[in-house]
Visitor: 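Dropping a structure here in structure tokens format, bear with me for questions.
On a predicted model such as this, the values are computed, not experimentally measured, just so you know.
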Amino acid sequence: MTIITLTEDQFDDQFPLMVNHLNSMAGWAIGEQSGCLFETYGPELVFVRQQPTNHIWTLVDTDHGLVLLSGFHTINRVGYLISTMPVPAGHQYEVPLDK
């Protein structure tokens with residue numbers, strides 16, 4: 001499987017995010033809306049795990065900085081995002097966030 005690298009702007013355009021309705025103080029706010037980042041534990045994790053895997057994105061802390069990966073990952077995870085658009089079957093994406 002080929003990994004497709006997106007810029008933050010490309011990610012924002014292709015994969016709009018669901019607002020975290022469980023936590024009004026969630027991070028990853030876009031514009032004036034509430035935050036979209038879901039925690040890695042408790043009710044927020046339960047909610048994330050109930051979503052289709054092709055809508056889940058994992059924020060990961062790597063040796064090269066923060067990276068957003070399509071799919072549900074547990075190693076070095078910081079939090080989760082849920083996109084309203086699915087990742088196409090057979091595709092895997094990464095979005096480097098640290099410049």
Side-chain angles (χ1 to χ4, degrees):
M1 179 178 305
T2 302
I3 298 175
I4 301 165
T5 301
L6 298 176
T7 66
E8 289 182 67
D9 288 338
Q10 290 171 322
F11 170 76
D12 291 341
D13 290 343
Q14 293 180 37
F15 298 100
L17 297 175
M18 175 187 298
V19 171
N20 182 342
H21 63 287
L22 299 172
N23 180 356
S24 63
M25 302 300 290
W28 202 287
I30 300 172
E32 298 292 319
Q33 76 181 18
S34 298
C36 300
L37 191 65
F38 289 83
E39 287 289 354
T40 61
Y41 58 89
E44 293 179 45
L45 178 59
V46 170
F47 178 77
V48 168
R49 294 191 68 131
Q50 292 171 343
Q51 306 312 302
T53 303
N54 62 344
H55 286 259
I56 300 172
W57 294 78
T58 307
L59 180 60
V60 177
D61 188 6
T62 73
D63 291 339
H64 305 287
L66 293 174
V67 177
L68 193 57
L69 301 175
S70 59
F72 183 87
H73 304 275
T74 57
I75 304 299
N76 296 332
R77 67 189 177 179
V78 175
Y80 297 101
L81 298 169
I82 308 295
S83 62
T84 59
M85 297 298 295
V87 170
H91 290 75
Q92 186 173 355
Y93 292 91
E94 70 176 16
V95 184
L97 300 174
D98 288 347
K99 308 289 185 262

Visitor: Can you name the one residue among Glu44, Arg49, Gln50 that meets side-chain contact (heavy atoms from CB on, under 4.5 Å) with Phe47?
Guide: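 When Glu44, Arg49, Gln50 are each tested with Phe47, the side-chain contact (heavy atoms from CB on, under 4.5 Å) holds only for Gln50.
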
Visitor: Look at the side chain of Thr62 and the backbone N and O of His64, then say whether any donor-acceptor pair between them is shorter than 3.5 Å.
Guide: yes

Visitor: How close do Gln51 and Ile82 get, heavy atom to heavy atom, and via which atoms?
Guide: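 Shortest heavy-atom separation between Gln51 and Ile82 comes out as CG-CD1, 3.8 Å.
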
Visitor: Linking I/L/V/M/F/W/Y whenever their side-chain heavy atoms sit closer than 4.5 Å, directly or via other members, would Met18 and Ile56 fall into one cluster?
Guide: yes

Visitor: Can you tell me how far CH2 of Trp28 sits from CG of Leu37, rounded to the nearest 0.5 angstrom?
Guide: 7.5 Å

Visitor: Between Gln10 and Tyr93, is there a side-chain heavy-atom distance shorter than 4.5 Å?
Guide: no

Visitor: To check you understand the geometry: which heavy-atom pair defines the closest contact between Leu45 and Thr40, and what is its length?
Guide: CD2-O, 3.2 Å

Visitor: I'd like to know if the side chain of Ser70 and the backbone of Gln92 have a donor-acceptor N/O pair within less than 3.5 Å.
Guide: no

Visitor: Which distance, rounded to the nearest 0.5 Å, do you find between the CG of Asn54 and the OG of Ser83?
Guide: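 Between Asn54 CG and Ser83 OG, I get 7.5 Å after rounding to 0.5 Å.
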
Visitor: For His73, check ring-ring contact (aromatic ring centres under 6.0 Å, His included) against everything at least two apart and list the hits.
Guide: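 His73 satisfies ring-ring contact (aromatic ring centres under 6.0 Å, His included) with no other residue.
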
Visitor: Counting distance only, does the side-chain N/O of His55 pair as donor-acceptor with the main-chain N or O of Thr53 below 3.5 Å?
Guide: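 Checking the backbone N and O of Thr53 against the side chain of His55, no donor-acceptor pair under 3.5 Å is found.
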
Visitor: Could you grab the distance from atom CZ of Phe38 to atom CG of Asn20, nearest 0.5 Å is fine?
Guide: 4.0 Å

Visitor: When clusters are formed by joining ILVMFWY residues with side-chain heavy atoms under 4.5 Å apart, either directly or through shared neighbours, do Val87 and Leu17 land in the same one?
Guide: yes

Visitor: For Glu94 and Thr5, does a side-chain donor sit closer than 3.5 Å to a side-chain acceptor?
Guide: yes

Visitor: For Cys36 versus Ala26, what's the shortest heavy-atom pair and its separation?
Guide: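 Closest heavy-atom pair between Cys36 and Ala26: N-CB, 4.5 Å.
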
Visitor: What pairs with Arg77 under side-chain hydrogen bond (donor to acceptor under 3.5 Å, both in side chains), at least two apart in sequence or on another chain?
Guide: Tyr80

Visitor: Distance from Asn76 atom CG to Leu66 atom CG, nearest 0.5 Å?
Guide: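 One finds 10.5 Å between CG of Asn76 and CG of Leu66.
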
Visitor: Linking I/L/V/M/F/W/Y whenever their side-chain heavy atoms sit closer than 4.5 Å, directly or via other members, would Val95 and Phe72 fall into one cluster?
Guide: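 No: no chain of side-chain contacts under 4.5 Å links Val95 to Phe72.
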
Visitor: Count I, L, V, M, F, W, Y as connected when their side-chain heavy atoms are under 4.5 Å apart, and connections chain through other members. Are Val67 and Ile4 then in the same cluster?
Guide: no

Visitor: Residues two or more places apart in sequence or in another chain: which of them pass side-chain hydrogen bond (donor to acceptor under 3.5 Å, both in side chains) with Ser34?
Guide: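 Listed in chain order: nothing, the list is empty.
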
Visitor: About how many Å separate CG of Asp12 and OG1 of Thr7, when rounded to the nearest 0.5 Å?
Guide: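 Between Thr7 OG1 and Asp12 CG, I get 8.0 Å after rounding to 0.5 Å.
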
Visitor: Other residues, nucleotides and ligands only: do more than 12 of their heavy atoms fall within 6.0 Å of CE on Met85?
Guide: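 Result for CE/Met85: open.
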
Visitor: I need the Leu6 CG to Leu68 CG distance, nearest 0.5 Å.
Guide: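 One finds 9.0 Å between CG of Leu6 and CG of Leu68.
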
